[in-house]
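Scroll down for the structure; my scribbles are underneath it.
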Amino acid sequence: MSRKGPKRITVASPQTRLAMARRSAVRTKPPHLGRADLERARRIRRVQLRAALTALALLTVVVVGLPLLLAALPELDDVRLAGIRVSWLAVAVLPYGALVAIAVVQLRRAERIERCDGEEPR
């Protein structure tokens with residue numbers, strides 16, 4: 001089955017074509033690190049990975065724990081605050097505040113780890 005008519009042409013912005021050309025043309029080698037810098041980078045990565053896994057565990061507790069808590073306490077459906085069920089408020093407000101708090105703490109901890117050259121922050 002052959003198509004009759006004009007050939008299809010891809011139309012793209014000049015900026016898009018330029019960006020795609022730059023992306024494929026630029027090939028950089030990763031920087032070569034000396035022994036001391038490489039060990040420092042590995043130490044920082046290891047400590048930051050541990051901190052990230054802690055943050056991920058807290059996020060999991062919030063995301064999984066809140067529905068379990070609401071299922072365990074069905075009487076929260078009867079309690080109202082400003083005419084809104086507390087269970088609905090818990091679902092609509094609590095997770096986002098907790099997620100922002102965890103993100104802020106994780107960011108500050110990661111920055112502190114880098115400043116302290118991979119030493120565990122206190």
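Note that this is a predicted model, so its numbers are computed, not measured. No hydrogens, no waters, no symmetry mates; every other heavy atom, side chains included, goes into these values.
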Which residues share a side chain to side chain donor-acceptor pair (under 3.5 Å) with R40, sequence neighbours left out: D117
When rounded to the nearest 0.5 angstrom, what distance separates [atom1] in [X] from [atom2] in [Y]?
{"X": "H32", "Y": "L38", "atom1": "NE2", "atom2": "CG", "answer": "8.5 Å"}
{"X": "L70", "Y": "S87", "atom1": "CG", "atom2": "OG", "answer": "6.0 Å"}
{"X": "I113", "Y": "R108", "atom1": "CD1", "atom2": "CZ", "answer": "14.5 Å"}
{"X": "R112", "Y": "L107", "atom1": "CZ", "atom2": "CG", "answer": "10.5 Å"}

Donor-acceptor contact below 3.5 Å, side chain Q106 vs main chain A55: no
Same cluster or not: [X] versus [Y], using hydrophobic residues (I, L, V, M, F, W, Y) connected whenever any side-chain heavy atoms lie under 4.5 Å apart?
{"X": "I102", "Y": "V63", "result": "no"}
{"X": "L58", "Y": "L94", "result": "no"}
{"X": "I84", "Y": "L81", "result": "yes"}
{"X": "V93", "Y": "V62", "result": "no"}
{"X": "L99", "Y": "V61", "result": "no"}

L73: side-chain contact (heavy atoms from CB on, under 4.5 Å) partners, not counting sequence neighbours: L69, E75, L76
Enclosure of R45 CZ (heavy-atom neighbours >12, cutoff 6.0 Å): no
Atom CZ of R80: over 12 foreign heavy atoms under 6.0 Å: yes
Any side-chain heavy atom of [X] sitting closer than 4.5 Å to one from [Y]?
{"X": "Q48", "Y": "E114", "answer": "yes"}
{"X": "P95", "Y": "L66", "answer": "yes"}
{"X": "L89", "Y": "R85", "answer": "no"}

